[in-house]
Amino acid sequence: MKKVGFFQSIHLKFVLIYMLLILTAMQIIGVYFVKQLEDKLVKNFQYSITKRVDLLAYNLGQEFTKERDKTDSIDVAIKKLMMEFSSNSKDEVKEVRFIDENSRVVATSDQANSGIEGKKTTEPLVKRTLISGAEDERVEVDPTTGQRMYVKAVPVKVDGKTKGVVYSIASMEDVYTQMKDINQIFATGTVIALMVTAVLVFFLAQTITRPISEMRKQALEMAKGNFSRKVKVYGFDEIGQLAVAFNNLSKKLQQARSSTESERRKLTSVLSHMTDGVIATDRNGYIILLNDPAEKMLNVSRETALDQPILEILGIQDEYTLDNLFEEPDSVLLDFSTRDETYMLRASFSVIQKETGKANGLIAVLYDVTEQEQINGERREFVANVSHELRTPLTTMRSYLEALSDGAWKDPNIAPNFLTVAQDETERMIRLVNDLLQLSKMDSTEYVLMKDWVDFTEFFNNIIDRFEMSKDQNVNFKRAFSKKERFLKIDEDKLTQVLYNIISNALKYSPEGGTVTYRLRDRGDLLEVSISDQGMGIPKENVDKIFDRFYRVDKARSRKLGGTGLGLAIAKEMIQAHGGKIWAKSEEGKGTTIYFTLLIDKENEDEWE
């Protein structure tokens with residue numbers, strides 16, 4: 001966070017607020033004071049002029065009551081009083097006139113305006129005063145000088161009869177000049193008060209903003225994860241108490257953060273070491289957390305999956321809605337299988353709830369159930385195959401036995417044949433059951449190989465000899481391997497059964513006049529054994545399936561030849577028990593070759609002797 005500039009700081013705001021308050025207060029006081037002072041000065045000025053004019057009017061009235069001779073006229077006496085009044089008046093009285101009851105100007109104090117003496121006046125103020133016999137006044141602006149003038153008309157009465165009017169004109173500019181000077185003094189005082197206030201408020205604001213600035217710095221440090229710094233307490237007022245509370249908050253946050261961090265590390269450790277995938281979402285179904293196993297299971301990166309809808313990441317947006325998942329459905333099976341590989345996951349959902357009981361998100365736990373589903377599928381297929389394999393001979397036997405019980409045993413031509421078929425089917429069931437028992441033993445943990453050192457070359461030749469002597473079809477045997485000794489530590493009985501099953505299949509599917517080829521090849525620490533026929537071959541897409549239990553390429557022919565579909569499955573289990581591998585290569589119409597390897601223990605060659 002960038003540093004707060006002075007013009008954006010609360011410090012300046014404090015100064016401005018206090019200055020505005022002082023300025024506002026001074027303006028309110030100034031307006032009221034100036035207004036009252038102006039009214040007072042104007043009234044005093046008007047009162048002063050009125051008293052002087054009233055005195056002049058009284059003196060004029062006395063002149064009208066005096067007895068005069070022919071040389072002493074009233075007009076001369078009036079002019080004399082006017083001149084005395086003008087000489088005794090201050091500069092504010094500009095002119096004084098006396099107008100008789102006939103509206104004639106008798107005398108004026110302004111010598112420059114003496115030309116109006118003897119003439120009638122048209123002044124409305126004078127006329128109103130003559131008519132009403134009462135004083136009248138007004139304030140006007142001189143059009144020549146632009147000054148404000150106070151005009152006063154006072155009647156001169158003698159024995160209750162108006163003899164004339166004293167008309168005075170006084171300038172009020174002195175009053176307003178005083179007001180201007182007073183306003184200037186007041187403005188200067190206001191500026192000085194503001195400057196003093198600004199200085200005082202600046203230092204006062206520091207006492208408030210300093211703790212706040214300290215708390216701001218502490219908040220920034222807390223945002224960075226540093227809870228060790230403490231705010232300095234400058235006093236025990238409200239701000240000081242706030243600083244103490246801030247320090248307590250920092251301590252509590254540090255404790256809470258430590259506790260949260262400890263829980264987070266525990267959760268991270270648990271999630272990291274879980275073999276199952278875990279996904280967490282918010283209440284809108286967007287992913288907020290997933291662990292490493294979940295990334296691997298879904299083949300997505302954390303950056304790609306975060307903030308994405310869980311329905312899309314799991315690929316179930318067409319079958320489910322978010323509301324369905326919040327209703328805690330049964331676990332959902334996710335099928336990510338491709339044409340070449342089976343891959344299946346199972347997702348179990350649980351709802352994250354707030355204290356109010358409302359859903360706050362989802363937790364999805366992913367399990368890799370590929371092997372389990374494959375086992376379940378193989379188990380179902382195995383049960384179906386066993387049921388089918390047992391039902392076929394049993395159905396045949398029941399049919400023939402029912403025919404015999406119905407009287408066919410009396411027919412010497414039919415009865416022996418029926419009994420032979422029943423006996424063959426019985427033998428077939430016995431072979432099937434024996435093979436199943438053998439596979440069951442090999443699947444159990446109690447299965448133990450009885451290994452001993454054997455010259456595999458001689459052992460292999462003996463097995464081939466048995467089949468060559470007992471074969472009942474025209475098939476040629478070709479031994480494409482040297483006669484050198486190859487000593488291996490094997491279970492002779494189990495390897496005999498492996499070779500028996502492979503060679504039997506080769507003979508069953510070999511055509512008349514075909515050739516079965518036997519090979520032995522040294523592959524470093526391994527001995528590779530292969531048996532090839534020239535039969536009908538196996539389609540390419542089915543080659544890897546011939547070692548599955550009950551799998552037959554040509555089911556009809558296999559049953560006709562007496563096969564159980566378990567021979568190669570048993571061979572696979574036995575070869576793997578010996579630590580080797582078994583596989584097949586085939587080409588349709590040209591034949592099939594079965595390969596398997598056995599381990600040559602060269603470190604123990606001295607035991608061969």
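- For P511 against V475, the heavy-atom pair with the smallest separation is O-CG2, 4.1 Å.
- The nearest pair of heavy atoms linking L311 to Q317 is O-OE1, 3.0 Å.
- Under the ring pair (Phe, Tyr, Trp, His ring centres under 6.0 Å) criterion, F481 pairs with F460, not counting sequence neighbours.
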Listed pairs under 3.5 Å, donor-acceptor, residues 244-256 side chains, sequence neighbours left out:
unit_1	atom_1	unit_2	atom_2	d
N247	OD1	V231	N	2.7
N247	ND2	V231	O	3.0
N247	ND2	A243	O	3.4
N248	ND2	V244	O	3.4
S250	OG	Q218	NE2	3.2
S250	OG	F227	O	3.3

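- Note: I502 CD1 to I463 CD1 = 11.5 Å, rounded to the nearest 0.5 Å.
- Counting heavy-atom neighbours within 6.0 Å of N284 CG, excluding the residue itself, gives a total above 12.
- A side chain to side chain contact (heavy atoms under 4.5 Å, CB included) with I531 is found for exactly one of T593, N505, V516, T592, namely V516.
- Checked against the 6.0 Å centroid criterion, the rings of F467 and Y500 qualify as a close aromatic pair.
- Listed by chain and number, the residues in a salt bridge (charged side-chain N to carboxylate O under 4.0 Å, His left out) with E528 are R523 (sequence neighbours excluded).
- We find the CG-NZ distance between D452 and K489 to be 7.5 Å, quoted to the nearest 0.5 Å.
- Considering only heavy atoms from C-beta on, D533 stays 4.5 Å or farther from T515 through its side chain.
- Every residue two or more places apart in sequence or in another chain that forms a side-chain contact (heavy atoms from CB on, under 4.5 Å) with I22 is listed here: M26, L194, T197.
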Notebook entry, point to check: Yes or no on side chain to side chain contact (heavy atoms under 4.5 Å, CB included) for I279 and I363, after CA distance, side-chain angles and deciding distance?
Noted result: CA-CA 6 Å; I279 301 175; I363 292 290; over 6 Å; no

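- When L366, L325, V332 are each tested for a side chain to side chain contact (heavy atoms under 4.5 Å, CB included) with L314, only one passes: L366.
- A donor-acceptor pair under 3.5 Å is formed between the side chain of T597 and the backbone N or O of K581.
- Distance check: I287 CD1 to E312 CD gives 9.5 Å after rounding to the nearest 0.5 Å.
- Separating the CG atom in D368 from the NZ atom in K296 is a distance of 12.5 Å, to the nearest 0.5 Å.
- For the pair L345/L298, a side-chain contact is recorded, criterion being any heavy-atom separation below 4.5 Å from C-beta on.
- Taking a 6.0 Å sphere around NZ of K451, one finds it holds more than 12 heavy atoms contributed by other residues, nucleotides or ligands.
- F456 places a side-chain heavy atom less than 4.5 Å from the side chain of I490.
- The shortest side-chain heavy-atom distance between H578 and D491 falls under the 4.5 Å cut-off.
- Shown here are the side-chain contact (heavy atoms from CB on, under 4.5 Å) partners of K585, two or more places apart in sequence or in another chain: W583, Y595.
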Note to self: As a quick check of understanding, evaluate side chain to side chain contact (heavy atoms under 4.5 Å, CB included) for F596 and L499, giving each step before the final call.
What the structure shows: CA-CA 10 Å; F596 67 86; L499 292 171; 3.7 Å; yes

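- Ionic pairing of R486 and D522 is present here: one or more N-O contacts between side-chain nitrogen and carboxylate oxygen are shorter than 4.0 angstrom.
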Check: Between Y367 and S348, does a side chain to side chain contact (heavy atoms under 4.5 Å, CB included) hold up when you go through it step by step?
Finding: CA-CA 8 Å; Y367 312 93; S348 297; 3.5 Å; yes

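- Residues N291 and G277 share a closest heavy-atom pair of OD1-CA, 3.5 Å.
- Between E492 atom CD and M450 atom CE the span is 12.5 Å, to the nearest 0.5 Å.
- Of all the heavy atoms in L333 and M344, the pair that sits closest is CD2-CE, 3.5 Å.
- At a threshold of 4.5 Å between non-hydrogen side-chain atoms, the residues Y343 and D335 do not count as touching.
- When side chains are defined from C-beta on, L488 does not count as touching V454, because their heavy atoms never get closer than 4.5 Å.
- Here F336 pairs with nothing under the ring pair (Phe, Tyr, Trp, His ring centres under 6.0 Å) rule; sequence neighbours left out.
- Of all heavy-atom pairs between S510 and Q534, the closest is OG-N, 4.3 Å.
- For the pair Y286 and T281, the minimum side-chain heavy-atom distance is 4.5 Å or more.
- Counting all heavy atoms, side chain and backbone alike, E295 lies closest to L290 at CG-CD1, 3.9 Å.
- A salt bridge is defined here as a Lys NZ or Arg NE, NH1 or NH2 lying under 4.0 Å from an Asp or Glu carboxylate O, and D292 with R302 meets this definition.
- Within the 3.5 Å criterion, the main-chain N or O of T342 finds no donor-acceptor partner in the side chain of S337.
- Note that CG of L520 and CG of L598 are 9.5 Å apart. Values are rounded to the nearest 0.5 Å.
- N324 is not listed as a side-chain neighbour of E319, based on a closest heavy-atom distance of 4.5 Å or more.
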Margin query: Go through it in stages, so that I can follow the logic: the residues are L362 and V351, the test is side chain to side chain contact (heavy atoms under 4.5 Å, CB included), and I'd like the CA-CA distance, side-chain angles, deciding distance and then a yes or no.
Written below: CA-CA 5 Å; L362 283 173; V351 180; 4.0 Å; yes

